[in-house]
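We name chains A, B, ... by the order of the sequence lines, and we start the count at 1 in each one. Values reported hereafter were calculated over all heavy atoms of this structure, with side chains retained and with hydrogens, waters and symmetry mates removed.
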Amino acid sequence: MTDTVRPITRSRSILPARDLAQIAIFAALIAALGLAGPLNIGPVPITLQSLGVMFAGAILGPRKGTLAVLLFLVLTAVGLPLLAGARGGIGVFTVSPAAGYLYGWLLGAFITGYLTARLLPKYPFWLALGATILGGIVAVYLVGIPVMALNLGLPLWTTLGLNVAFIPGDLIKVVLTVLVAGQVHKAYPGLIARPLGRQHP
Amino acid sequence: MSLIHFEQVGQSFGDRTVLHDVNLTLTEHRIGIVGANGSGKSTLVRMINGLVTPTSGAVTVDGQNVARHAREVRRKVGFIFTNPDNQIVMPTVQEDVAFTLRRRGLSAAEIAERTAAALEQFGLSEHAEHPAHRLSGGQKQLLALAAVLVAEPATIVADEPTTLLDARNARRISELLQTLPQQIIVVTHHLHLVEEFDRVIVIEEGAVVADGAPAESLAAYRALLQ
Amino acid sequence: MIGLYSPGTSLIHRAPTLFKLLLLSLCVLLIGTSSDPRIVGGAAAGVVLLFLIARVPPRAAVAQIAPILLILLVAVPIQGLLSGWTVAALMAGRLIVAVALAALFTMTTTVTAVLEAFQTLLRPFNRFIDADRVGLLVALTIRCIPLVSDIVREVLEARTARGTQGSLLSIAVPVVVRSLYAADALGEALIARGLDD
């Protein structure tokens, strides 16, 4: 890496070039993590793709983070095999049992980002953990489970039962996300614009 | 050829001063800028096309203030970065060159024609349809040059264009830069690249410390390094 | 980027993308709301016929449909016990038919064509979304995937070179930070190359 000069003149567009680049890079990161295949931690297989989604919210914030996830989903929808297991196409967004999780990712990235923006610049560990669980797990399942129940014609609670096995892995990802985001926000402040009315000196 | 003018230019990021009181008028065909890492030379050349706006003073290109006329200036001034990987923005070689020509009111046929000509000039025609990331490091820097020159700029600014290349590719890119008809401003640590230039400027701790013919400037720079 | 597209010249390959998309939506809607075994059975036969016309490689087709079968392996017995085997079979049939149809669309339509169709569908909303910018962002992201994959690979290699396994954190932090630096550099390049001019 050569010395990059950080402050860039703001362009006229709603999304400045640097934001645009961050959105594209994180969408690509979600894809790259899916292509990398699952990682085993003890007996728990961890699909890294949803880790990328949590990163997007916790590191880029609600606006850029949600857009990065949306962009990744668009790439998948147009037929690029970027979902873990080399899946893609419009089928995974409509009739597939797991379709709801993809929309849940959008909501999850937004909620994680929205809450993270309010926790910065201090980013206390336990509150951040709560925020990321709310966005990265609760919000995702909130959309994912009903759609799966609908697409499979199963009762809600039965569907929930089928998914409990994934929760330990998700919790590991949440902890990792909070630890990474904490370090990144310290090393690289200003990634998430602070909500209005809470400007610090 | 453009007339580039720095007037009392200063730049600080927070409480760190990067440049102070720089006054320069650049009119020569080939200008080299040398200096230690962190001397402020990268920031200096980024001001020429508005990638960095000075915190004090002004930079003008042909009389236009860069801060206010960034768009017009960028059409005149092309920029080559150190890492060719980071300046490729489109998936294939051909699309990447064509990206430069968007929003210029050109027809699709004109864009295709000029893109093909630029690829031909840099020996990249056979790679036109290939993914840009599969090119070698040297080819990527050639692609960057093609993508800048396709817009026919009057001036090219290059920030350490050979630093990340192997010796052979570095020589190839330097030779190419030496023979371009455009005005060229090169920041480099490869001193031999600027030995034949018209003017060499030495930057040290945010200020111009030597400015003149390459022989004298480079001698002054070597003395600084002792 | 060829993606899941499988090249061919069949009638289905050549049909206009928006038409295929419309037809797909109608069929999925019809099958999804039907509880008549004859309609689902007929649709299944129709889908098989379409696959034969399109002549997509069977292996590629199976790869797209197989993940659903795995899920059904769990879901069908549960549903059979809960609400009867007829309902379970119908649900499984509907799902396989719909997934297969969607897979057929994806396998017979190029990424560029689908993207153009999406952009066309976005045009009426031009006031809110710039369709060209969406296309640009998609292309930019496709270019970024190898860039980020290289970063991930280099960080993993550096870890192996040091001979330490290291924690997940010691992989994730450098990956994210280096990605952010790459984004900065890319943003600069976009400005220099006239993104917003």
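- Here the side chains of C:R193 and B:V148 are not in contact, with every heavy-atom distance at 4.5 Å or above.
- C:L140 touches chain B through backbone and side chain together, each having a heavy atom under 4.5 Å away.
- Judged by distance alone, the side chain of C:R143 and the main-chain N or O of B:I88 form a donor-acceptor pair under 3.5 Å.
- Within 6.0 Å of atom CZ in C:R123, more than 12 heavy atoms from other residues, nucleotides or ligands are found, so the atom counts as buried in its surroundings.
- The distance from atom CD of B:E95 to atom CD1 of C:I142, rounded to the nearest 0.5 Å, is 8.0 Å.
- Screening residues 137-155 of chain B for side chain to side chain donor-acceptor pair (under 3.5 Å), with sequence neighbours left out, gives B:S2-B:T155, B:D85-B:K140, B:Q87-B:Q141, B:H127-B:Q139, B:S136-B:Q139, B:T155-B:Q183.
- Taking each heavy atom of B:L51 and C:E188 in turn, the nearest pair found is CD2-O, 3.5 Å.
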* **Worked check of side chain to side chain contact (heavy atoms under 4.5 Å, CB included) between C:L190 and B:F99** => CA-CA 10 Å; C:L190 285 170; B:F99 175 86; 3.8 Å; yes
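- For B:R104, the CZ atom sits in a packed shell: over 12 heavy atoms of surrounding residues, nucleotides or ligands are nearer than 6.0 Å.
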Using atom types as modelled, flag every donor-acceptor pair under 3.5 Å from a side chain in residues 69-92 of chain C to any protein atom, sequence neighbours excluded.
from  : atom 1 : to     : atom 2 : distance (Å)
C:Q79 : NE2    : A:L152 : O      : 3.3
C:Q79 : NE2    : A:G153 : O      : 2.3
C:S83 : OG     : C:Q79  : O      : 3.2

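- Closest of all the heavy-atom pairs between B:F81 and C:A189 is CE1-CA, 3.7 Å.
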* Let me see the working for C:Y181 and B:N86 under side chain to side chain contact (heavy atoms under 4.5 Å, CB included), right down to the final yes or no. => CA-CA 10 Å; C:Y181 280 124; B:N86 292 335; over 6 Å; no
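- Other residues, nucleotides and ligands place no more than 12 heavy atoms under 6.0 Å from the CD atom of B:E120.
- Other residues, nucleotides and ligands contribute more than 12 heavy atoms inside 6.0 Å of the CZ atom of C:R153.
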* To do: Please lay out, stage by stage, how C:D150 and B:H133 fare under the test side chain to side chain contact (heavy atoms under 4.5 Å, CB included).
  => CA-CA 10 Å; C:D150 282 350; B:H133 70 95; 5.7 Å; no
